[in-house]
Engineer: 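Mind having a look at this structure? Questions to follow.
Here is how names work: the chains are called A, B, and so on, in the same order as the sequence lines, proteins then strands, and each is numbered from 1.
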Amino acid sequence: MPVASPERYLAGLNSAQREAVLHTEGPLLVIAGAGSGKTRVLTHRVAHLITAVGVKPNEILAITFTNKAAGEMRERLTTMLGPVARAIWILTFHAACGRMLRSEAERLGYKSNFTIYDSQDQVRLVKQVLDDLDKDPKRFVPRGIHAQISKAKNQLVSPALYRERVASFYDQTVAEVYELYQKRLHASNAVDFDDMLMLTVEVLERFPEARKRWQNAFRYVLVDEYQDTNHAQYRLLQLLGEKHQNVCAVGDPDQSIYAFRGADIRNILEFERDFPDTRTIALEQNYRSTNAILEAANAVISCNSERKEKRLWSELGDGEPVRVVEVEDEHSEARYVAAQIAGLIDEAYAGSEIAVFYRMNAQSRVIEQVLRLQGVGYQVIGGPRFYERAEVKDVIAYLQVLDNPPDAVSLLRIANRPRRGIGDTTLARLVTYAEGRGISLYEALSHPQEAGLGTAAVKAVTGLANLFDSLRSAAQELEVPELIQAVYDRTGMIDAFEAERTIEARGRIENLEAFVDGAREYESSTEVSTLSGFLQEISLFSAQDELTGESNVTLMTIHNAKGLEYRAVFVVGVEEEIFPSSRSIEEQGIEEERRLFYVGLTRAQERLTLTHASSRLLWGRTNSNLPSRFLDELPDRHVERERLRASSWRNYGTPAQTRDIQPRVEHPSLETGDSVRHGTLGEGVIVRIEPGGLVTVRFASDGSERKLMLDYAPLEKIA
DNA sequence: GGTAGCACCAAAAGC
DNA sequence: TGGTGCTACC
């Protein structure tokens, strides 16, 4: 069994890191620059608390934002400490709140097996409520209203408080919707994602016994990515840390990029004010990138005024200069990036060590096209998540109704899926009837006649009620995977997809099968397998762990890239209106945009290339964008700027040119160092040959370097 | 009650 | 340009 000894684990740390590990008592703020070994500090600190300070594992609460981060931390601690690591509370904000809330749910009138609604469910519920209140859905867009409600909850604004603060007619409507929305959730024994935080805070604030219980439970609290916390999360930490004051926040204000979803950078900037006698430690030594890359990043971020001064440095040498390349349009940009990637792979970079970042998902398409054409393996991170797929959500909705029958949103979702003749009219009647009688929609299913339904509808609804009866008794006897199978069989979901006979339906069936596999995994990984337990687990799970790509080049938005690193990074579309985005320019969000750019730059270990196009087709329109202002903020040192000649690129990478079999053959007769003669430019020397038939020639006449396409340039070798 | 076709709109995304 | 959500029609 691996046991960490202080000598061993302290030896691998620099002095700032060591101090952060050893300063165990009282509030601690660790400003951790990109690549400065933040996770190392967190894990070592926990190990130190347990092995040297003698803290019990279950007295430590380590909070992250993502399941992935929590999983990684647990894994590393298991390596260091062995099985005791299992008892530490290493959880996401939501999972931690979920645990506390389940055991305190009764205080707020919920049952502990409450259902958790994701954002899709939330919007559906808002829609229903708007409908019931007879609001014009054009004036009051469900998504927009939901955003308001979510924002209010993040700020711990209850429906009552919201109503007090109403400042416009629109607000007035939101207040009405918010109130009814919250009542509906409660009636369904359901909470939404935002409630998990807000209600946990409410329990801790309103019930002193609960507050004492959890304050005593956690002697030490650690939070990762503190710069991304919103007000509710901030308040939660205050409450939990109030007694022991052993709150350790780790984060980097320069990497705060989630204001748009409620994160408040002031939480980290004002931590020292909020927790008196805070010790602050800055980690500035970077173990990831060359100095060329860090100097570029430092120069850009220093243009922000809302920050804590910090300067990253590394011992990894200057490295290759950062390259800024101007291309003609998004197609030549894609071809250029593809050619460069091919070159890196020739230089023995693995595909998985290379990434392409963009500001918005829509930019990935062109890049994907060219990479496919070039035969370069790639994976795109982002896009629809497994558990958000419609068919998967359908099964989950069935399971949720079985587990928690009052859950009306789930019941409405699957009442007519697959089609069984229960339309909107029928459902509306049932809903009205249920409300009139003060019963749940589920109970109303057993009284179709009383609800005033026609003969056909009565038959259909009775069929549904019977289906649920049969599934509920199945749920008593079967394990989760078998129960899911029973849902497939008795609802005819799979049959319905099979009848479609389309590729799309095939894919849906595969997803449903994968879902059963997921349930099997759950069953084997837990001691007591229950339906409730399974649902709780998956409702907080979401795929960010698709990042396991083998040898593939990775394509993703910069937001997705946070926390990751690659030997070579390309950032495309570094143009005004794109990056910074037009919205951020209008709304004065440039500082956050600059931080996002900074996050992108600091992902690179060795090579960093930034491209911008002089024109670009976006949303059916061609725009000419200026190079991004961020490019002007780069230093001259270690930065190389070049412009690709349009003509050399026009046809590169198009199907006729594609070398399918041997995509990267070099021109056989030329090597670096060869002398060549160009038809119009005269004599020169080859300084670089890149795959894709690209050569760089330094011309003797003026010493200038030009990038040329071998296939087109009038070049001949001279002796 | 189901579906085809059209109009509309457009960032980023964790749980 | 491409995906989505609603209206009009079968």
Side-chain angles (χ1 to χ4, degrees), chain A residues 63-70 91-98 116-124 127 137-138 141-143 147 150 153-154 191-197 200 224-225 228-230 232-233 256-263 330 357-366 369 381-385 387-388 390 416-427 454 456-457 460 536-545 556-563 573 577-587 589 592-593 595-597 599-600 616-623:
Chain A
I63 306 185
T64 64
F65 272 84
T66 65
N67 287 306
K68 186 167 159 262
L91 296 167
T92 62
F93 268 104
H94 289 82
C97 288
I116 298 164
Y117 285 175
D118 70 11
S119 35
Q120 280 178 39
D121 301 326
Q122 295 175 46
V123 174
R124 286 165 61 90
K127 246 187 223 159
K138 291 215 173 68
V141 183
R143 278 195 64 83
S150 176
K153 290 185 174 184
N154 286 169
V191 304
D192 66 22
F193 277 143
D194 305 312
D195 279 339
M196 300 188 74
L197 291 155
T200 305
D224 192 13
E225 307 278 13
D228 290 334
T229 48
N230 62 32
Q233 289 158 336
S256 164
I257 55 174
Y258 283 113
F260 70 89
R261 65 174 199 216
E330 75 275 13
F357 301 155
Y358 32 80
R359 178 65 238 266
M360 49 188 171
N361 286 305
Q363 290 170 263
S364 77
R365 231 190 60 246
V366 185
Q369 272 169 9
I381 306 300
R385 281 174 262 278
Y387 286 103
E388 284 169 16
N416 200 30
R417 214 165 306 172
R419 303 205 164 100
R420 51 171 75 90
I422 302 178
D424 291 343
T425 333
T426 304
L427 286 172
Q536 282 163 34
E537 183 156 300
I538 61 172
S539 57
L540 291 181
F541 184 92
S542 134
Q544 194 54 359
D545 24 13
M556 62 181 135
T557 63
I558 304 183
H559 281 93
N560 267 314
K562 196 171 171 201
E577 306 288 316
I578 299 227
F579 200 0
S581 73
S582 44
R583 278 262 271 280
S584 71
I585 297 171
E586 286 158 25
E587 294 165 18
E592 171 143 329
E593 207 74 359
R595 291 193 290 267
L596 185 60
F597 188 60
V599 167
R616 174 181 304 272
L617 182 73
L618 191 63
W619 295 324
R621 202 174 302 158
T622 303
N623 300 297

Engineer: For Glu593(A) and Gly421(A), take the nucleotide of DNA chain B holding the closest heavy atom to each; which residue's nucleotide lies nearer the 5' end?
Structural biologist: Gly421(A)
Engineer: For Asn361(A) and dA12(B), is the shortest distance between a side-chain N/O and OP1 or OP2 below 4.0 Å?
Structural biologist: yes
Engineer: Does OP1 or OP2 of dG1(B) have a side-chain N or O of Thr426(A) closer than 4.0 Å?
Structural biologist: yes
Engineer: Where the side chain of Phe193(A) is concerned, which of dA13(B), dA12(B), dC15(B) is the nearest nucleotide?
Structural biologist: dC15(B)
Engineer: Which whole-number value in Å describes the distance from Glu587(A) CD to dA11(B) C1'?
Structural biologist: 10 Å
Engineer: Does Asn230(A) put a side-chain nitrogen or oxygen below 4.0 Å from OP1 or OP2 of dG14(B)?
Structural biologist: no
Engineer: Has Phe260(A) got its ring stacked on dA12(B), by the test of a centre gap below 5.5 Å and a plane angle below 30°?
Structural biologist: yes
Engineer: Could you tell me the separation between the CG atom of Asn67(A) and the P atom of dA13(B), rounded to a whole number of Å?
Structural biologist: 17 Å
Engineer: What is the nucleic acid contact for Ser582(A), judged by heavy atoms within less than 4.0 Å: base, sugar-phosphate only, or nothing?
Structural biologist: nothing
Engineer: From dG2(C), dC15(B), dG2(B), pick the nucleotide closest to the side chain of Arg365(A)?
Structural biologist: dG2(C)
Engineer: Looking at side-chain heavy atoms only, is the closest gap between Glu587(A) and Glu592(A) below 4.5 Å?
Structural biologist: no
Engineer: Rounding to a whole Å, what distance do you find between Leu427(A):CG and dG2(B):P?
Structural biologist: 11 Å
Engineer: Kindly assign one of parallel, tilted or perpendicular to the pair Tyr258(A) and His559(A), based on the angle between their ring planes and the thresholds 30° and 60°.
Structural biologist: tilted
Engineer: Of Ile63(A), Thr200(A), Leu540(A), which is the lone residue that meets side chain to side chain contact (heavy atoms under 4.5 Å, CB included) with Cys97(A)?
Structural biologist: Thr200(A)
Engineer: dG5(C) C1' sits how many Å from Arg143(A) CZ, rounded?
Structural biologist: 12 Å
Engineer: Roughly, in whole Å, what's the span from NZ in Lys562(A) to P in dA12(B)?
Structural biologist: 17 Å
Engineer: Between Arg583(A) and Glu586(A) (salt bridge meaning N to carboxylate O under 4.0 Å), is one present in this structure?
Structural biologist: no
Engineer: For the pair made of CE in Met360(A) and P in dA13(B), what is the distance, rounded to whole Å?
Structural biologist: 12 Å
Engineer: Under 4.0 Å from OP1 or OP2 of dA12(B): is there any side-chain N or O of Asn560(A) that close?
Structural biologist: no
Engineer: Under 4.0 angstrom, heavy atoms only, what part of the nucleic acid is Thr92(A) near: base, sugar-phosphate, or nothing?
Structural biologist: sugar-phosphate
Engineer: Would you say Ser539(A) reaches dC15(B)'s phosphate, i.e. side-chain N/O to OP1/OP2 under 4.0 Å?
Structural biologist: no
Engineer: Can you tell me, in whole Å, how much space there is between the P of dG5(C) and that of dA12(B)?
Structural biologist: 16 Å
Engineer: OP1, OP2 of dT3(B) versus side-chain N and O of Arg419(A): anything below 4.0 Å?
Structural biologist: yes
Engineer: State whether Ser584(A) places a side-chain N or O below 4.0 Å from either non-bridging phosphate oxygen (OP1 or OP2) of dA11(B).
Structural biologist: no
Engineer: Where is the tightest heavy-atom contact between Tyr117(A) and Gln122(A), given as atom of each residue plus distance?
Structural biologist: O-NE2, 3.5 Å
Engineer: Report which part of the nucleic acid Asp228(A) touches: base, sugar-phosphate, or nothing (heavy-atom distance under 4.0 Å, all strands).
Structural biologist: nothing
Engineer: To the nearest Å, how far apart are Gln122(A) CD and dC15(B) C1'?
Structural biologist: 10 Å
Engineer: Tell me which nucleotide among dC15(B), dA13(B), dA11(B) gets nearest to the side chain of Thr557(A).
Structural biologist: dA13(B)
Engineer: Between Ile257(A) and His94(A), which is nearer to the 5' end of DNA chain B once each is assigned its nearest nucleotide?
Structural biologist: Ile257(A)
Engineer: Are the side chains of His94(A) and Leu197(A) in touch, meaning some heavy atoms are under 4.5 Å apart?
Structural biologist: yes
Engineer: Choosing from dC15(B), dG14(B), dA11(B), which nucleotide comes nearest the side chain of Arg359(A)?
Structural biologist: dA11(B)
Engineer: Rounding to an integer number of Å, can you tell me how far Asp194(A) CG sits from dA13(B) C1'?
Structural biologist: 13 Å
